[in-house]
Undergrad: 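Take a look at the following structure, please.
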Amino acid sequence: MIDIRLVRDDPAAVRAALGRRGVDGAEIDRLVGLDDAARAEIGRRDDLRAQVNALSRQVGEARRDGETQRAEALAAESRAVGESEGQAAEAADAASEALRQALLYLPNLPSPDAPDGGGPEDNVVARSWPAELPAYTDAQRVPHWEVGTELGILDMERGAKLSGSMFPLYRGMGARLLRALTSFALDHHADAFEEIRPPTMVRTETMVSTGHLPKFVDEAYHLERDDLWAIPTAEVPLTSMLRGDILAEADLPLRFTAATPCFRREAGAAGRDTRGLLRVHEFDKVELFAYATADQAPALLEEMVGRAERLLTELGLAYRVLDLCAGDLGLSAARTFDLEVYAPGVDQWLEVSSVSWCTDYQARRANIRYRPDGGGSPVFVHTLNGSALAWARIWAALIETGRQDDGSVELPPVLHPYLGGPTRIDAR
RNA sequence: GGAGGGAUGGCAGAGCGGACGAAUGCACGGCUCUUGAAAAGCCGCGAGACCUUGGUCUCCGUGGGUUCGAAUCCCACUCCCUCCGCCA
């Protein structure tokens with residue numbers, strides 16, 4: 001969440017910044033009102049509480065001095081004040097909760113560097129690799145689900161039998177390819193990022209810290225009986241890993257990488273991209289994550305985008321980098337770069353990575369701070385997250401891009417050491 | 001799943017109805033001593049909110065309760081440790 005004091009002290013600036021992402025200015029006014037109300041109620045309650053505390057102290061003193069009668073009188077007085085205090089406390093709690101709820105739904109302030117725009121159509125293509133799309137053969141113009149079925153490496157029907165549509169089942173070299181991709185990526189980041197294998201079912205609090213709850217309840221899988229949520233991305237457990245902690249500035253930046261399955265209900269996208277692997281409920285992803293100071297964050301953002309890009313060039317996939325406009329940013333993000341690969345078989349750009357700088361928005365929700373060098377009060381860290389990379393769509397792009405005239409699929413050399421012998425998937 | 005023990009500041013650890021936001025040690029910051037360092041000594045040092053050179057309030061796992069007053073008593077929950085059972 002953003003700092004309520006910013007809203008209080010400079011509502012015009014907040015209105016302007018959030019206006020860029022389509023937040024109604026009236027919402028800011030409402031927030032200012034809620035804040036005023038909450039502070040007034042809290043002040044009332046605290047005054048009464050101070051009276052109760054003072055009277056209680058006097059009761060103790062009177063009792064110690066053996067003045068039983070005076071003690072009783074003071075206790076009675078305190079009891080009376082305590083009753084109004086109870087009412088004031090209820091009002092204060094209600095007002096604070098109303099403010100908190102409003103803040104939880106309010107998105108992060110976009111970075112001034114994020115381009116203007118209201119939606120996906122306004123995103124800016126920062127760069128493409130290669131500069132021009134190469135010429136693709138007819139063999140490469142076959143959708144991956146057809147290739148997958150033909151080679152016996154992808155079985156959407158059996159996946160659906162087990163779990164419903166959009167739950168892919170990979171077999172043979174198809175499954176092996178996923179495992180290779182995960183190992184390849186983790187090894188690639190091992191020079192600077194500590195590998196984590198977090199739990200993939202988490203508490204409500206953990207989902208709230210990243211901003212995935214309460215606003216996006218419909219997007220997440222929930223296990224009712226145990227009140228646990230299936231993570232939509234490793235960003236969720238990695239953010240809460242240090243929840244409530246105070247770090248040392250000298251330890252920053254902290255970098256982590258994790259390979260996990262990701263679960264998404266895709267409720268808002270029902271009926272879209274339903275074929276093959278374009279949009280699935282469960283997929284594997286290697287995530288990059290960093291906790292940093294405000295000063296370190298911009299360089300880290302670039303580093304993480306660079307790492308994701310490097311994987312793509314090594315895999316030999318054509319891609320482009322999108323600088324997301326203010327209106328297309330996710331709730332927690334101040335700046336985001338999306339990476340899209342070109343999949344020749346379906347003739348589409350597929351989002352395979354999203355690298356975001358969340359400033360202190362998530363850290364404030366998760367209460368993660370660091371103590372500056374030389375002491376002083378703790379300050380909120382900045383969090384950055386990015387996929388490097390999400391495999392289902394990469395799998396699709398690799399199968400389509402690598403397809404030969406004879407129907408076999410060539411796999412990129414960087415993966416060969418991870419494939420256990422074969423370097424291609426033979427036609428059947 | 002059953003039985004028992006525990007959760008206190010960055011860490012360790014005392015406190016078990018009022019003088020406790022909390023002893024002590026370590027860590028950390030400043031100073032003294034020293035050519036420098038170490039050691040020693042002195043001082044400081046939890047977090048947050050709201051009004052303001054000071055004050056008020058909150059926080060001792062979480063949520064309720066008892067009381068004029070709760071870190072301290074009661075209830076529930078969560079997590080950790082030990083033992084038993086089950087288990088990949």
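Keep in mind that what you see is a predicted model, and the values were worked out from it rather than measured. Residue numbers start from 1 in every chain, and the chains themselves are labelled A, B, ... in the order their sequence lines are given, proteins ahead of strands.
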Undergrad: Which of residues 220-228 of chain A have a heavy atom under 4.0 Å from RNA chain B?
TA: none
Undergrad: Please compare A:I42 and A:Q51 by the position of their nearest nucleotide in RNA chain B and report the one closer to 5'.
TA: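 The residue closer to the strand's 5' end, by nearest nucleotide, is A:I42.
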Undergrad: Please give the nucleotide sitting opposite B:C87 as a Watson-Crick or G-U wobble pair, both distances under 3.5 Å, or none.
TA: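 The base-pairing partner of B:C87, which may sit in any strand shown, does not exist here.
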Undergrad: Below 4.0 angstrom, N of the basic side chain to O of the carboxylate: do A:R364 and A:D360 qualify?
TA: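 Yes, A:R364 and A:D360 are salt-bridged.
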Undergrad: Check the distance between B:A27's P and A:D251's CG and give it to me in whole angstrom.
TA: 18 Å
Undergrad: Is it true that A:E314 and A:R310 have a side-chain N and a carboxylate O under 4.0 angstrom from each other?
TA: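 Yes, A:E314 and A:R310 are salt-bridged.
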Undergrad: What is the pairing partner of B:A76, taking Watson-Crick or G-U wobble pairs with both distances under 3.5 Å in any strand?
TA: B:U62
Undergrad: Which word best sums up how the rings of A:F256 and A:Y291 line up, parallel for under 30°, tilted for 30 to 60°, or perpendicular for over 60°?
TA: perpendicular
Undergrad: Under a 3.5 Å cut-off for both distances, is B:G9 Watson-Crick or wobble paired, and to whom?
TA: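 Answer to the pairing question: none, since B:G9 forms no Watson-Crick or G-U pair.
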Undergrad: On the nucleotide B:G69, are OP1 or OP2 found under 4.0 Å from the side-chain N or O atoms that A:R79 carries?
TA: no
Undergrad: Which whole-number value in Å describes the distance from A:L48 CG to B:U56 P?
TA: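 These atoms are roughly 16 Å apart.
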Undergrad: If the cut-off is 4.0 Å, is A:R45 near the phosphate of B:U58, judged by side-chain N/O to OP1 or OP2?
TA: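 For A:R45, the contact criterion (side-chain N or O under 4.0 Å from OP1 or OP2 of B:U58) is not met.
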Undergrad: May I ask you to list the residues of residues 61-73 of chain A, by number, that have any heavy atom positioned under 4.0 Å from an atom of RNA chain B?
TA: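 Result for residues 61-73 of chain A: A:R63, A:R64, sorted by number.
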Undergrad: Checking A:R393 side chain against A:L278 main chain: does a donor-acceptor pair fall under 3.5 Å?
TA: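 Yes, the answer is positive, given that a donor and an acceptor are paired below the 3.5 Å cut-off.
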Undergrad: With under 30° as parallel and over 60° as perpendicular, where do the rings of A:F167 and A:H281 fit, or are they tilted in between?
TA: tilted
Undergrad: Any donor and acceptor pair, going by atom type alone, linking the side chain of A:H189 with main-chain N or O of A:V286 inside 3.5 Å?
TA: no
Undergrad: Which nucleotide, in any strand shown, forms a Watson-Crick or G-U wobble pair with B:G21, with both distances under 3.5 Å?
TA: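 Check on B:G21: unpaired, no WC or wobble geometry under 3.5 Å.
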Undergrad: Starting from C1' on B:G48, measure out to CG on A:D3 and report it in whole angstrom.
TA: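 For the pair A:D3 CG and B:G48 C1', the rounded distance is 12 Å.
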Undergrad: Identify the nucleotide, in any strand shown, that forms a Watson-Crick or G-U wobble pair with B:C57, with both distances under 3.5 Å; if there is none, say none.
TA: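 For B:C57, the partner nucleotide comes out as B:G48, under the 3.5 Å rule.
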Undergrad: Over how many whole Å does the gap from A:I246 atom CD1 to B:C45 atom P extend?
TA: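 It works out to 17 Å between those atoms.
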Undergrad: Given that both distances must come in under 3.5 Å, which nucleotide forms a Watson-Crick or G-U wobble pair with B:A70?
TA: none
Undergrad: So, is A:R49 close to the B:G69 phosphate, meaning a side-chain N or O under 4.0 Å from OP1 or OP2?
TA: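 Result: no.
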Undergrad: By the 4.0 Å heavy-atom rule, please label A:N53 as base, sugar-phosphate, or nothing.
TA: sugar-phosphate
Undergrad: How many whole angstroms separate atom CZ of A:R364 from atom C1' of B:A47?
TA: 15 Å
Undergrad: Return no unless some side-chain N or O of A:R369 is found under 4.0 Å from OP1 or OP2 of B:G48.
TA: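 Answer yes for this pair, as a side-chain N or O of A:R369 is under 4.0 Å from OP1 or OP2.
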Undergrad: In the structure shown, which nucleotide is the Watson-Crick or G-U wobble counterpart of B:A39, with both distances under 3.5 Å?
TA: none
Undergrad: So A:S78, base contact, sugar-phosphate only, or nothing? Heavy-atom distance under 4.0 Å.
TA: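 Sugar-phosphate only.
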Undergrad: Using modelled atom types and a 3.5 Å cut-off, is there a donor and acceptor pairing between side-chain atoms of A:R243 and backbone atoms of A:P237?
TA: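 Between the backbone of A:P237 and the side chain of A:R243 there is no qualifying donor-acceptor contact (under 3.5 Å).
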Undergrad: NA contact type, A:R44, heavy-atom cut-off 4.0 Å: base, sugar-phosphate, or nothing?
TA: nothing
Undergrad: With respect to the phosphate group of B:A49, does any side-chain polar atom (N or O) of A:R5 fall under 4.0 Å of OP1 or OP2?
TA: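 Yes.
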Undergrad: Output yes when A:R5 and A:D35 qualify as a salt bridge under the 4.0 Å nitrogen-oxygen rule, no when they do not.
TA: no
Undergrad: Suppose you measure atom P in B:A47 against the same atom in B:C11; what distance do you get, rounded to whole Å?
TA: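 Per the computed distance, 13 Å lies between those P atoms.
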Undergrad: Is the shortest side-chain N to carboxylate O distance from A:E303 to A:R307 below 4.0 Å?
TA: yes
Undergrad: What about A:Y170 and A:W395, are their ring centers closer than 6.0 Å?
TA: yes
Undergrad: Could you check which of B:A47, B:C57, B:U78 has an atom nearest any side-chain atom of A:R371?
TA: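 Among B:A47, B:C57, B:U78, the one nearest the side chain of A:R371 is B:A47.
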Undergrad: Please compare A:A76 and A:D47 by the position of their nearest nucleotide in RNA chain B and report the one closer to 5'.
TA: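 Comparing both residues, the 5'-ward one is A:D47.
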Undergrad: According to the Watson-Crick and G-U wobble definitions, with both distances under 3.5 Å, which nucleotide is paired to B:U34?
TA: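 Base-paired to nothing in any strand shown.
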Undergrad: Do A:D245 side-chain atoms and A:L247 backbone N/O form a donor-acceptor pair below 3.5 Å?
TA: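 Pair absent, no side-chain N/O of A:D245 close to backbone of A:L247.
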Undergrad: How long is the line joining CZ of A:R57 and C1' of B:U67, in whole Å?
TA: 16 Å
Undergrad: When the distance from CG of A:D245 to C1' of B:G9 is rounded to whole Å, what number comes out?
TA: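 Atom CG in A:D245 sits about 14 Å away from atom C1' in B:G9.
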